[in-house]
Q: 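Sharing a structure, written as structure tokens. Questions coming.
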2 protein chains.
Amino acid sequence: MAAKQKDTYKIFTEFLAEQKQRMTNQRELILKTLCKQKKHVTAEQLYEILKKTDKSIGHATVYRTMKLLAEAGIARELNFGEGSVRYEPDTDNTHHDHLVCVDCGENVEFFDEEIEKLQNAIAEKHGYKLQDHSMNLYGTCSKCQEKKSN
Amino acid sequence: MAAKQKDTYKIFTEFLAEQKQRMTNQRELILKTLCKQKKHVTAEQLYEILKKTDKSIGHATVYRTMKLLAEAGIARELNFGEGSVRYEPDTDNTHHDHLVCVDCGENVEFFDEEIEKLQNAIAEKHGYKLQDHSMNLYGTCSKCQEKKSN
DNA sequence: TTTACTATTGATAATGATTTTCATTATGCA
DNA sequence: TGCATAATGAAAATCATTATCAATAGTAAA
Ligand SMILES: [Zn+2]
Ligand SMILES: [Zn+2]
Ligand SMILES: [Zn+2]
Ligand SMILES: [Zn+2]
């Protein structure tokens, strides 16, 4: 864990350096705080959390930094059709997609190698070089199904 | 084609009636215009197109009607991460997902039965009753790959 | 058909998320 | 140390979408 955190810090620093940008206290704090989150957070939610540590941090800095982290491949943007983007840490070897309950928002992360292969095959068939994908499954979780049948 | 259009009109009318809502000239025009589109359009784009026919149509009516069409299962909302929602007609038997070029926006529609099956299996495995999904593959189309290699 | 009721519309204001602007502050290097 | 450049935060601006509301149109009963 400490190792992983150091990794993302290093990755981010190098990413920044590549385009003559600098690591700063704010960026470091945002990275550290994102990595701590158990759930997928919006920039706004992260901002609220960050303010507890750094009273003076600004909205713009959070939004800007999340964009950078996404570009650097450290954060992944998720869009569950809620109107705002959510973020999750996206360290190596942890790719997954999401199964979301349309009633309670509860969600499950899954990885299906077979699907990933098929996606690659589809892209290739059409002459595309695949770079990324988003796959969200929407349904009703068992708890909410029960609630409804009452 | 004439048959299909009559179908969606009927479906929409019945959907509206179910909740004591009415078919109107504006709603009919919006439905007809959506069905004519070859590409996935945003509500704003559709509004611009509609104004050519009905000078007095309002923004709100277009947004409201698109929501209704989506609820009625006649239109499908697509989110390619652009900041605005796109719509496409979603008549029976035409489900598909999208492969989008991140450089030029060109996109291909595809349907992979195997993936659809696997998605169902995943939902089932986690106790979810699957209702919908969105799957977008992002990559570089062959044309843009060439352009880059120059 | 009149009347009374209800739904729809479009202009406009409001909202919410995100981005831009810009003066101020911090950082890295000569 | 001192300049050149990048980053920050407050506030304004933007963009997509939604809510408000008075005016209009459709429906159905009398
Ligand atoms: Zn995946
Ligand atoms: Zn996740
Ligand atoms: Zn599909
Ligand atoms: Zn399509």
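Proteins get letters first, then strands, A, B, ... in listed order; numbering begins at 1 in each.
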Q: Could you tell me the separation between the CD atom of Gln45(B) and the C1' atom of dC15(D), rounded to a whole number of Å?
A: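 Computing the Gln45(B):CD to dC15(D):C1' distance gives 14 Å.
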
Q: Nearest whole Å is fine: how far is dG9(D) C1' from Lys51(A) NZ?
A: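 That distance rounds to 13 Å.
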
Q: Determine: side-chain N/O of Lys67(A) to OP1/OP2 of dT19(C), distance under 4.0 Å, yes or no.
A: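 Yes, because at least one side-chain N or O of Lys67(A) sits under 4.0 Å from OP1 or OP2 of dT19(C).
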
Q: Between atom CD in Glu44(A) and atom P in dT19(C), what is the gap in whole Å?
A: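 Roughly 13 Å, once rounded to whole Å.
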
Q: Whole angstroms only, please: what is the CG-P distance between Leu29(A) and dG9(D)?
A: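 Going from Leu29(A) (CG) to dG9(D) (P), I get 10 Å.
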
Q: Rounded to the Å, how far apart are Ile30(B) CD1 and dG10(C) P?
A: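 So the two atoms are 8 Å apart, to the nearest Å.
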
Q: Taking Asp132(A)'s backbone N and O only, do any of them form a donor-acceptor pair with Gln119(A)'s side chain (distance below 3.5 Å, no angle check)?
A: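 Absent.
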
Q: Would you mind reporting whether Thr24(A) and Thr61(A) have side-chain heavy atoms less than 4.5 Å apart?
A: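 No, their side chains stay 4.5 Å or more apart.
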
Q: Look only at the side chain of Gln45(B) and the backbone of Thr42(B), and say whether a donor-acceptor pair between them is shorter than 3.5 Å.
A: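 Yes, because the side chain of Gln45(B) sits within donor-acceptor range (under 3.5 Å) of the backbone of Thr42(B).
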
Q: Ignoring hydrogens and angles, state whether a donor on the side chain of Gln26(A) or Thr65(A) is under 3.5 Å from an acceptor on the partner side chain.
A: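 No, no side-chain donor-acceptor pair sits under 3.5 Å.
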
Q: Are there over 12 heavy-atom neighbours, none belonging to Glu124(B), within less than 6.0 Å of that residue's CD?
A: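 Result for CD/Glu124(B): open.
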
Q: Look for any protein N or O under 3.5 Å of an N or O in nucleotides 23-30 of chain D and output each such pair with its distance, or none.
A:
none

Q: Would you find a donor on one side and an acceptor on the other, under 3.5 Å apart, between the side chain of Ser149(B) and the backbone of Glu146(B)?
A: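 Indeed, once roles are kept as given, a pair shorter than 3.5 Å links the two residues.
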
Q: Is there a side-chain polar atom (N or O) of Gln26(A) under 4.0 Å from OP1 or OP2 of dG9(D)?
A: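 Checking dG9(D) against Gln26(A), a side-chain N or O does come within under 4.0 Å of OP1 or OP2.
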
Q: Would you say Asp54(B) and Ser56(B) are linked by a side-chain donor-acceptor pair, where the criterion is simply a distance under 3.5 Å?
A: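 Per modelled atom types, Ser56(B) and Asp54(B) side chains form a pair under 3.5 Å.
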
Q: Any donor-acceptor pair under 3.5 Å linking the side chain of Glu48(B) with the backbone of Glu44(B)?
A: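 Not confirmed, Glu48(B) side chain does not pair with Glu44(B) backbone.
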
Q: At less than 4.0 Å, is any side-chain N or O atom of Lys20(B) found next to OP1 or OP2 of dT6(C)? Yes or no.
A: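 No, because none of the side-chain N or O atoms of Lys20(B) sits under 4.0 Å from OP1 or OP2 of dT6(C).
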
Q: Atom CD of residue position Glu113(A) - does it have more than 12 heavy atoms of other residues, nucleotides or ligands inside 6.0 Å?
A: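 No.
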
Q: Is it the case that the side chain of Asp90(A) and the backbone of His95(A) share a donor-acceptor pair, with hydrogens and angles ignored and the cut-off at 3.5 Å?
A: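 Answer holds: no.
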
Q: Round to a whole Å and report the spacing from CD of Gln21(A) to C1' of dA26(C).
A: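 Taking CD of Gln21(A) and C1' of dA26(C), I get 15 Å after rounding.
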
Q: Are Arg27(B) and Gln21(B) packed together at the side-chain level, in the sense that at least one heavy-atom pair is separated by less than 4.5 angstrom?
A: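 Yes, close enough: below the 4.5 Å cut-off.
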
Q: Going by number, which of residues 54-65 of chain A have a non-hydrogen atom under 4.0 Å from DNA chain C?
A: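 Residues of residues 54-65 of chain A that come under 4.0 Å of DNA chain C are, in numerical order, Ala60(A), Tyr63(A), Arg64(A).
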
Q: Check each residue of residues 73-87 of chain B for a non-hydrogen atom within less than 4.0 Å of any atom in DNA chain D, then write out the ones that pass by number, or none.
A: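 Listed by number, they are Gly83(B), Ser84(B), Val85(B).
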
Q: In this structure, how many angstroms lie between the C1' atom of dT8(C) and the CZ atom of Phe12(B), rounded?
A: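 That distance rounds to 12 Å.
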
